[in-house]
Amino acid sequence: TVFNKDDGSLLKTIDYLADDSDSIDFNNDVKMKVVAADGVTTQEYRIEVRVHQVQADSLVWATLGAHTLPTLLETPVAQKTVAFGDKAYCFTTDGTAYNLGVSSTPADQWDLYAFAPWGDTLSVSTIVASSDTIFALCGTPDADGNQTLCRSTDGLTWTPVADARFAALIGVWGERLMGVAATSAGYVHATYEEGAYAAEMAVDADFPVSGYSNTIAYRDTSYGTSQIYFFGGRCADDSYSGHIWAYDGERWAALSNVGIAGGAGASVSPREGALFFSYYNDEYNAESDYFVRRIYYYILGGKDASGVCNDLYYTNTLGGYWEQAAKGTPLYVSNMRFTPRAFASAYISEESSVVPATSLSTWQWADTPYLSRMTRSSNEVVPYVYVLGGYDSRNNFIDEICRGVVWRFTF
């Protein structure tokens with residue numbers, strides 16, 4: 001039944017058993033009566049159609065503002081955040097002292113600690129984590145630029161690994177730590193696994209030796225092959241890399257020509273310090289008339305030959321077709337309250353769309369009219385992506401956490 005909103009008069013009655021193609025004008029007051037199979041039991045519902053005045057597939061940062069990094073330090077100059085034990089571990093330094101913030105609910109509560117690294121120096125940017133160990137490079141670099149590999153099981157107490165020296169750390173494949181070491185003859189691939197260190201095979205000229213993105217772990221369900229990936233970096237000749245590099249336990253390979261003009265989809269400029277993370281998107285399935293959530297992979301920001309980038313690229317096939325999220329297209333990154341940056345960290349957290357009240361006094365909320373229009377209940381979880389730290393176009397350290405989400409996930 002359709003009623004006039006102004007005077008309540010009946011405008012139209014529709015029986016979808018008699019005509020299943022009739023249409024409804026929801027500018028009026030619409031009620032639906034459902035009759036059970038017994039023909040007696042009924043239930044009446046009032047229907048409202050609410051249209052969101054936003055781009056549903058945009059990855060936006062307007063829903064929640066910025067917050068300073070979780071640290072006891074007054075002026076941090078570097079940070080690195082990794083996922084470890086289902087929690088976010090945020091390491092910060094002011095160049096002299098070191099802090100660690102740990103949280104399972106990044107929008108709410110962080111536990112803060114001060115710690116002293118081995119050798120009095122820890123290169124925060126080198127921190128990577130396996131399933132049970134956090135690795136970093138510590139101490140004074142040698143003549144070739146290598147530092148001592150150190151390990152920790154809690155992020156606070158660090159011990160050196162004998163005779164294991166790296167120039168840079170990339171990530172962990174299984175329990176094998178991957179990186180590069182510098183020699184008088186050039187750079188070589190270096191690994192550490194189960195107490196054994198190896199550094200022998202020379203890196204190719206186009207393989208980066210610094211500026212790596214974080215790695216993404218992936219397991220091919222068809223063939224059972226585990227791989228890790230990273231994007232970009234800077235090569236030994238100081239040029240930028242535009243490739244996605246993959247390691248399958250035997251060798252490194254440039255998996256995608258994402259950085260080559262005319263390659264697979266959008267061409268991402270060669271760069272270093274990009275955020276490379278797996279997140280989600282909803283794909284519309286016409287056959288079922290339903291949105292299906294799938295894992296997508298994202299490249300956000302970084303620094304190329306022209307400076308710090310403010311762009312986003314995405315794909316659901318790492319070795320396949322990449323798309324750029326240009327303005328007006330799905331997954332466009334709203335620039336509201338989001339500063340373009342390089343060498344930041346990303347952390348994905350499944351949490352309630354309603355932020356705990358304890359955090360409201362410490363976070364700075366963006367001025368947006370959409371927060372009051374969340375339609376999920378408070379106990380439904382939403383995947384949020386946190387971006388921590390980084391450096392802006394003037395190489396100033398960004399002391400903040402930003403929290404982003406694809407709008408559709410909050411509806």
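The existence of a salt bridge linking Lys87 and Asp111 is excluded, since no basic side-chain nitrogen approaches an acidic carboxylate oxygen closer than 4.0 Å.
Between the OH atom of Tyr218 and the OH atom of Tyr229 there is a distance of 6.0 Å, given to the nearest 0.5 Å. To the nearest 0.5 Å, atom CG of residue Asn28 and atom NZ of residue Lys5 are 7.5 Å apart. Of the inter-residue distances, the one linking Ser278 atom OG with Asn316 atom CG reads 13.0 Å to the nearest 0.5 angstrom. Here OG1 of Thr183 is found 8.5 Å from CG of Asn146. Values are rounded to the nearest 0.5 Å. Atom-to-atom distance recorded for Asn27:CG and Ile24:CD1 is 12.5 Å, nearest 0.5 angstrom.
Counting heavy atoms of neighbouring residues, nucleotides and ligands inside a 6.0 Å radius, atom NZ of Lys80 exceeds 12 of them. Heavy atoms from other residues, nucleotides or ligands lying under 6.0 Å from CD of Glu44 number more than 12.
Not a single donor-acceptor pair under 3.5 Å links the side chain of Trp118 to the backbone N or O of Cys150. Formation of a donor-acceptor pair under 3.5 Å by the Ser345 side chain with backbone atoms of Thr81 is found in this model. Between the side chain of Tyr187 and the backbone N or O of Cys235 there is no donor-acceptor pair closer than 3.5 Å.
A cation-pi contact, defined as under 6.0 Å to the ring centre and within 45° of the axis, links Lys31 to Phe3. Under a cutoff of 6.0 Å and an axis angle of 45°, Arg271 and Tyr240 do not form a cation-pi pair.
Ring-plane geometry between Tyr192 and Phe135 is classed as perpendicular, the angle between the planes exceeding 60 degrees on a 0 to 90 degree scale with a lower cut at 30.
Under the side-chain contact (heavy atoms from CB on, under 4.5 Å) test applied with Thr71, the options Leu100, Asn99, Asp94 reduce to a single match, Asn99.
For Tyr313 and Trp322, the ring centers are positioned 6.0 Å apart or more.
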